[in-house]
Protein chains: 2
Amino acid sequence: MMMRRWSVSARVGPTASARSGRGRGGGQEPSMATMTDIAREAGVSLSTVSYALSGKRPISASTRTRIDQAIAKLRYHPTASARALALKRTSLLGLAVPQRPDVDDHVIMEFVGSILSAAHEADYDVVLVTAEDRERALRIVEEGKVDALIVMDIVEDDERLPDLARLHSPVVLIGNPQDTNGLACVDFDFLAGAMLAVRELHGRGASRIAMLKPPSAAAGGPVPTYARRARLGYTMACAELGLDSEVVELPPDSAAVADFVRDQILSGARFDGLFVHHEPALAMLGRAMSQLGVACPEEVQVAAIAPADVARNGPWEVSSVDLPIPSIGRSTVAMALERLRDREVPAHTRLLSPTFVPRATTLP
Amino acid sequence: MMMRRWSVSARVGPTASARSGRGRGGGQEPSMATMTDIAREAGVSLSTVSYALSGKRPISASTRTRIDQAIAKLRYHPTASARALALKRTSLLGLAVPQRPDVDDHVIMEFVGSILSAAHEADYDVVLVTAEDRERALRIVEEGKVDALIVMDIVEDDERLPDLARLHSPVVLIGNPQDTNGLACVDFDFLAGAMLAVRELHGRGASRIAMLKPPSAAAGGPVPTYARRARLGYTMACAELGLDSEVVELPPDSAAVADFVRDQILSGARFDGLFVHHEPALAMLGRAMSQLGVACPEEVQVAAIAPADVARNGPWEVSSVDLPIPSIGRSTVAMALERLRDREVPAHTRLLSPTFVPRATTLP
DNA sequence: CTGTTAGCGCCTTCAT
DNA sequence: ATGAAGGCGCTAACAG
């Protein structure tokens, strides 16, 4: 049975013209009830109300009842700012999201959604700032507007890291730059993931395995930290297995993909396995192969690194090392909260282990 | 005259022992500098520092300089919670975003992005909550964690409205429900937009104009508030122009769209104008018409209501009444801030006027 | 089990 | 142009 504590007893009127209780009718600010009001109404002391609410001290049943009634009657709600000032914590996490046009909105929303859920479960709320507004991100933590900061879309040699490293509050990066600047990081283990994909292809008979990836960003452009690690994993796995390695950079347009399939697979038969780390090209590849009549699991096997929904939707069901975006989001929040607890433990990096999910593009 | 050493008026507590001097690096909490520290360092009073920072009182150049130096030296940053408590405002806006799978992530991100920008420009930050978590949305405003709340994705007969209407802080809805419950609303004027699209088609020679829309949600499912208004605009415009009206509900799959084109346009030639309020079907329609050999501006003209990028991308450039998502976002923030200023002005609805952009699917 | 009280860091009305 | 002092609403020692 649900005991209503903050229940709303009665509706007033259409316009809620029933201004504050007794005061004088001159109704200005509704001027919400405070803990002092509750104390008076319940005939107890201020601190008793506080302890009743926080449960940090035993309260007699009768007292608690009177307090609860007063709270319901006056529609009391604790004031976040006051609590924050006294506790020195806001129960707010900062989240810097990228607004660059070249990042997939769907992926971002998945991150944001999982981070929101995880934060809410721990009774934290989330303040969003755009990653491009560096000043603002720094400011909300310096001013104590948030207790910790999560930064998405970290790129190689990210220029924000030195500033972030100076902050006195926990900062967690989503990504894994070569130089973390001593900051905590959470990410998928792209290196292990790439190796796993290659091994799975090889274990299923492929021996001429190419890696397909997007063109390296235009010189100087930002490079996501996973690009290097995935590529490294691929070459390491090939080396380990004694295979030749060849990285093919493919622009994300159907023509280029079709050309590749025609030249390198159909005619050349150069590859019997493809490791694809290139989400937009995945669907194009599927269409090109079916149109050109390349038998997929038989002639050439395909394994990708991609979010599960990307791998499954589209024209075919691609076997893949699934990118567990929600897990990354949750781990990130968890790490932020941990660092909020133990300010002392040194920052570390947490890489989520890969799992291979065979689907329709690899042999059984 | 009284020579007061830096008044230790109330610094007795064990906490305020002010051992902040370099002491030893026993380093516990960095314990950020406060305004009192700045005052001491600059040799002025607390209030002087406060006024220097807020600029609400003239400060002599020399004093200001010393204060600025102290601030720089001690790396001072005002504390948001303290300021919020004193000012009774947090400079934080709440934003409830939908997480329903059937809302386009891209559109959401556009809303969120524009709202973030607008808020930041006014020196507000944004707290994100998921619309599904109604309790939480209410709570962040009741506890004064945010100064106002913006709620996206309002549906017809939205069950959240009564609760939102009870709040004592400004609430702004994105959408325009029939019963606003006295809440402020901002939205695109879908009614006028639909009428405009029909008139433009008619003005260009079309006289048998159908409206294409997604199937009405399964009974009981949430219905976005714009569905009714767009449809109403269509029928009103047809009536006004003395045209027959026919609303065609099309599921968002290529087969259905192709069937429609084949049966109703190719064979039947029943329509020479299509008013499309159905984003996912737009691209499908373009492909179907070109594959089936329907001459687009000549045989049948098409005008849509859609975000500009949706209208322009895809297989054809659709003439359309562009949905100005960023403007809606900005207006929403503006309205929230207005209501924060003038708590008295009654809530009202703001509908953004439509503009027709002729592109390739209408005659000149 | 319950009160009393001193802050948390900043703003602002009075004095000067 | 500058100080002094009293909150803002809540928490957490200290006393009983």
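Below, all heavy atoms of this structure are taken into account, side chains as well, without hydrogens, waters or symmetry copies. Residue numbering restarts at 1 for every chain, and letters A, B, ... go by the order of the sequence lines.
- Set against dG3(D), dA1(D), dG3(C), the side chain of Ser45(A) has dG3(C) as its closest nucleotide.
- Rounded to an integer number of Å, the gap from Lys56(A) NZ to dC14(D) P is 15 Å.
- Out of dC10(C), dG3(D), dT11(D), the shortest distance to the side chain of Thr48(B) is found at dG3(D).
- Which of dG9(C), dA12(D), dG3(C) sits closest to the side chain of Arg57(A) comes down to dG3(C).
- Per the geometry, CZ belonging to Arg83(A) stands 17 Å off C1' belonging to dG7(C), to the nearest Å.
- Using a 4.0 Å heavy-atom cutoff across all strands shown, Thr63(B) reaches sugar-phosphate atoms only and no base atom.
- Between the CG atom of Leu46(A) and the P atom of dT11(D) there is a distance of 9 Å, rounded to whole Å.
- Residue Tyr51(B) contributes atom OH, which lies 12 Å from atom C1' of dA15(C) at whole-angstrom precision.
- No engagement by Val49(B) is indicated, since no non-hydrogen atom pair under 4.0 Å with the nucleic acid exists.
- Rounded to an integer number of Å, the gap from CE of Met32(A) to P of dC10(D) is 12 Å.
- If you take OH of Tyr76(B) and P of dG9(C), they are 10 Å apart, rounded to a whole angstrom.
- Residue contacts for Thr79(B): at a heavy-atom cut-off of 4.0 Å it reaches the sugar-phosphate backbone alone, with no base atom in range.
- For the residue pair Thr63(A) and Ser60(A), a side-chain donor N or O sits within less than 3.5 Å of a side-chain acceptor on the partner.
- Note: CG (Leu85(B)) to P (dC10(C)) measures 12 Å, nearest angstrom.
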